[in-house]
Amino acid sequence: MLHGDVGLELAARVAAAVKSSLDLDITPAEALIRPSSRPGADYQCNAAMGLGKKVGRPPREVAAAIVGALDGTGLIVEPEIAGPGFINLTLTDTWLTTQLEGLLTDPRLGVPETGHPRRIAIDYSSPNVAKEMHVGHVRSTIIGDALVRLRRFHGDEVIPHNHLGDWGTPFGMLIEHLIDEGFSADHSISDLNTFYQAARKKFDADPDFAERARLRVVKLQSGDEETLRRWRELVDESMRHFMKVYKTLGIGLTPEDNYGESFYNPFLADTVAELERKGLTEISDGAVCVFPKGFFNREGDPLPLIVRKSDGGYGYMSTDLATVRYWTGERGATDLVYVVGTPQSQHFAMVFAASRDAGWLTPGHTAVHVNFGSILGEDGKMFRTRSGDSIKLIDLLSEAVDRAAAVVGERTDLSEEERASIAHAVGIGAVKYADLSSDREKDYVFSWEKMLATDGNTAAYLQYANARTLSIIRKSGETVQPGATVILTEKAERDLALQLIQLPAAIQAAVDGYTPHKLATYLYDTASAFTSFFEKCPVLKAEPEIRKSRLVFCALTSKVLTLGLDLLGIEAPTRL
RNA sequence: GCCCCCGUAGCUCAGCGGAUAGAGCGAGAGACUUCUAAUCUCUUGGUCGCAGGUUCGAGUCCUGCCGGGGGCACCA
């Protein structure tokens, strides 16, 4: 019983007790096992009240029957019945210590791998070519990356795809501007935004240029070689910028993960043809539309997905339908995940509905819009620069590192190089953790002060706790060996032990709900439990057996924090 | 007008239908000759937006309302 969560084991035993004492079949979930916040109780079973209602007996009597039949051998001490019929469950110290000793040799720290792996196509980051990444992309990028890491660790096959905005009418203007500027391979566009704005300005001011831009769009879409070559230069240049940001952020996306709008372009006609063949389309105002049931516009009329515009072109609605068709049809994805802001929720609801109607999504598929709220400034409005521009991501990240460097510089005698590396880990970690530690559906308030604080639920606090664990182990002059014996003497040790064995439940919760913050909350609780342990339980000066045992606590805490942070995409430096 | 999301301590946020709703910050008081004080321990602080309903039990589920944000036909 090394793998998996204790709650499952307790649930199984309660279910067996319910069967033998009341002759009722309940699922482990119906055993209603929950971690307990009551002093002295580790878990509680809340099933007796509901069952009492069902069998027409007083809940406390039912609880007593369950307790009487409950086989807690080796796992829990004699349960207590409290209140209306709560059953308080307390793990035995022996069981806890045995678990911890077992975790020492388990690289997965008790977390099971799924027996039913899914093939997950996940769309995240998705910046626009010829524009710099800004804060608007940061949440999708960070959350998406964390989900990739979590699902891979969970045992699923994950295929990331970066849905670049790399196609459409703006590219006529951009390519013409590129030709005018004489861009070549040895000249890079150092400032994508300036380049884009200059093109835009020319487009608005110069009718000849605007006309050339329009003709260029036609050439691009008809596959003109020269035009495509220019277009690729723009994409490549933008990718160099994106890769720089990804490298700074520690995001795993590469050019191989590019599945931009251009990628789906060849599939759009077929996608529409299939919708037409299946009788799902209608012509409305000259556009080919699909009207999924249940969506209405301002006037109360059905709301369309426009799959071919009245001018014959294709928009994002066509592309998004084509992605569903491609990933389920061509790539055999079972799960589609879109890490895109909340404002798009209606759009995705419509795309999913239409895709079900078209048969691209079956009951065996899961399609999820992993939505997220906006980043707000401390004034409660959209996070922008003072002049109202969106903040460049690369600037934001370097400010994070600079601010972290200021903190690091104050208090360490490490080399310049080590300090830089730590500042990077702390600064980038702060930005990512701020994003991942609260419920993604809510807006969150961006605050340098809060995200870089050394107290509270921040990356720095977790990293610091981890560094302290490793510092103690270093100073001990020992390596923590498998087979070491764990002893519980202080309450702080038991609290930490209980915390450490709950990693599987935390990861499962984060995976199930696409909610990385559940893992973040767990890691914070773990770090807190460790710092309390740190204050109360001297390690190096303890008696030999206790010292050995406490070193195990340090080692396991470090492993849990390091693994957990890694699953969030955050570095855990070995010293701070 | 219709639809979606949010409303929990002064602030920023957790909270899985279960017991007396929890953290951090802030405010107040303590703790470093001791493993990293980037810390810890106390104290303070709540009609969970409002009103109904379902339930043995509601911050959590349902309905209505009030606030805040967003979306609603050829931009993505």
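Sequence lines set the chain letters: A, B, ... in the order given, protein chains first and strands last, and positions in each chain run from 1.
B:U20 and B:G53 are spaced 26 Å apart, taking the C1' atom of each and rounding to whole Å. Atom C1' of B:G59 sits at a distance of 28 Å from the matching atom of B:C42, rounded to the whole Å. As rounded to the nearest Å, B:U8 and B:G67 have C1' atoms that lie 15 Å from one another. Using atom P as the reference point in both B:C48 and B:A19, the two lie 15 Å apart (nearest Å). B:C11 sits 37 Å from B:G1 when the C1' atoms are compared, rounded to a whole Å. As rounded to the nearest Å, B:G24 and B:C62 have P atoms that lie 32 Å from one another. B:C61 and B:A29: their P atoms are spaced 42 Å apart (whole Å). Rounded to whole Å, the separation between the C1' atoms of B:G49 and B:C25 comes to 24 Å.
Within the nucleic acid shown, A:A82 comes within 4.0 Å of at least one base atom, counting heavy atoms only. When heavy atoms are screened at a 4.0 angstrom cut-off, A:S284 is found touching base atoms of the nucleic acid. Residue-level contact check: A:G300 touches neither bases nor backbone, having no heavy atom under 4.0 Å from any strand. Within 4.0 Å of A:R308, counting heavy atoms only, lies no atom of the nucleic acid at all. Among the heavy atoms of the strands lying under 4.0 Å from A:Q44 is at least one base atom, whether or not backbone atoms are also near. Nucleic acid contact class of A:N88 (heavy atoms, under 4.0 Å, all strands): base. Within 4.0 Å (heavy atoms only), A:P170 reaches no atom of the nucleic acid at all. The residue A:D439 sits close only to the backbone: its heavy atoms come under 4.0 Å of sugar-phosphate atoms, none of a base. Residue A:D311 is out of contact with every strand shown, counting any heavy-atom pair closer than 4.0 Å. Among the atoms of the strands shown, none is found under 4.0 Å from any heavy atom of A:A460.
Residue A:T531 places at least one side-chain N or O under 4.0 Å from the OP1 or OP2 atom of B:C40. For B:G15, the OP1/OP2 oxygens have a side-chain nitrogen or oxygen of A:H517 closer than 4.0 Å. When the side-chain nitrogen and oxygen atoms of A:K450 are compared with OP1 and OP2 of B:C13, none of them lie within a distance under 4.0 Å. Contact annotation: A:S532 side-chain N/O to B:U41 OP1/OP2 distance is under 4.0 Å. A close approach under 4.0 Å does not occur between any side-chain nitrogen or oxygen of A:K54 and OP1 or OP2 of B:C56.
Side-chain polar atoms of A:E418 and A:S415 form a donor-acceptor pair below 3.5 angstrom. In the model, A:R440 has no side-chain atom that pairs as donor or acceptor with a side-chain atom of A:T342 under 3.5 Å. Remark: the A:Y314 side chain and the A:T271 side chain contain no N/O donor-acceptor pair separated by less than 3.5 Å. No side-chain donor from either of A:Y43 and A:T90 sits under 3.5 Å from a side-chain acceptor of the other. Counting only N and O atoms by type, the side chains of A:E493 and A:T489 include a donor and acceptor under 3.5 Å apart. The closest side-chain donor-acceptor pair between A:Q499 and A:D495, if any, does not fall under 3.5 angstrom. In summary, the side chains of A:S437 and A:N457 do not present any donor paired with an acceptor at a separation below 3.5 Å, with no hydrogens or angles considered.
Under the 30°/60° scheme for interplanar angles, the aromatic rings of A:H134 and A:H137 are found to be tilted. Relative orientation of the A:Y338 and A:F352 rings is tilted, given thresholds of 30° and 60° on the angle between their planes. Between A:Y326 and A:F267, the ring planes are tilted. Angles from 30° to 60° get that label.
Relative to the six-membered ring of A:F530, A:R468 misses at least one condition, a distance below 6.0 Å or an angle of at most 45° to the axis.
A:K442 has its NZ atom 8 Å from the C1' atom of B:U8, to the nearest Å. Across the protein-nucleic acid pair, A:Y461 atom OH and B:A14 atom P stand 19 Å apart, rounded to whole Å. Rounded to whole Å, the distance from NE2 on A:H369 to C1' on B:G70 is 12 Å. Following rounding to the nearest Å, A:F295 (CZ) and B:C3 (P) show an atom-to-atom distance of 13 Å. In this structure, A:L376 places its CG atom 12 Å from C1' of B:U12, rounding to the nearest Å. Rounded to whole Å, the distance from CE on A:M49 to P on B:A58 is 12 Å. Atom P of nucleotide B:C5 and atom CZ of A:R440 are separated by 12 Å, given to the nearest angstrom. For the pair A:Y433 OH and B:U12 C1', the computed distance is 14 Å after rounding to whole Å.
The side chain of A:I306 sits closest to B:A73 out of B:C6, B:G15, B:A73. Nearest nucleotide to the side chain of A:L303, out of B:C13, B:A73, B:A19: B:A73. The side chain of A:Q344 has B:A76 as its nearest neighbour among B:A76, B:U12, B:G15. Taking the side chain of A:K53 as heavy atoms from C-beta on, and the options B:A14, B:C72, B:C56, the nearest nucleotide is B:C56.
You won't find any donor-acceptor pair under 3.5 Å spanning the side chain of A:D525 and the base of B:A14, going by distance alone. In terms of polar N and O atoms assigned as donor or acceptor, the side chain of A:S37 never comes within less than 3.5 Å of the base of B:A19 in a complementary pairing.
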* For RNA chain B, produce a single dot-bracket line, 5' to 3'. Pairs: Watson-Crick or G-U wobble, both distances under 3.5 Å. Symbols: ( ) within strand, [ ] crossing, | other strand, . unpaired. => (((((((..((((....[...))))((((((.......))))))....(((((..]....))))))))))))....
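Base orientation of B:C42: anti, since the glycosidic angle falls outside 90° of 0.
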What N/O pairs connect the protein and nucleotides 27-36 of chain B at under 3.5 Å? Give each pair on its own line.
residue	atom	partner	partner atom	Å
B:U34	O2'	A:K541	NZ	3.4
B:C35	O3'	A:K475	NZ	3.3
B:C35	O2	A:V539	N	3.2
B:C35	O2	A:L540	N	3.0
B:C35	N3	A:V539	N	3.0
B:C35	N4	A:F534	O	2.2
B:C35	N4	A:C537	O	3.2
B:U36	OP1	A:S471	OG	2.5
B:U36	OP2	A:K475	NZ	2.2
B:U36	O2'	A:Y464	OH	2.4
B:U36	O2'	A:R468	NH1	3.3
B:U36	O2	A:R411	NH2	3.4
B:U36	N3	A:L576	O	3.3
B:U36	O4	A:L576	N	3.0

* To do: I would like to know whether A:V14 and A:I33 meet side-chain contact (heavy atoms from CB on, under 4.5 Å); could you show each step before the answer?
  => CA-CA 9 Å; A:V14 167; A:I33 303 296; 3.9 Å; yes
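Annotation: of the two residues near RNA chain B, A:D285 and A:A41, the 5′-most nearest-nucleotide partner is A:A41. Annotation: of the two residues near RNA chain B, A:T454 and A:P304, the 5′-most nearest-nucleotide partner is A:T454.
We find that the ring of A:F86 and the base of B:A19 stack, their centres lying under 5.5 angstrom apart and their planes tilted less than 30°.
Put simply, the side chain of A:D42 never gets that close to the backbone of A:L89: no donor and acceptor are under 3.5 Å apart.
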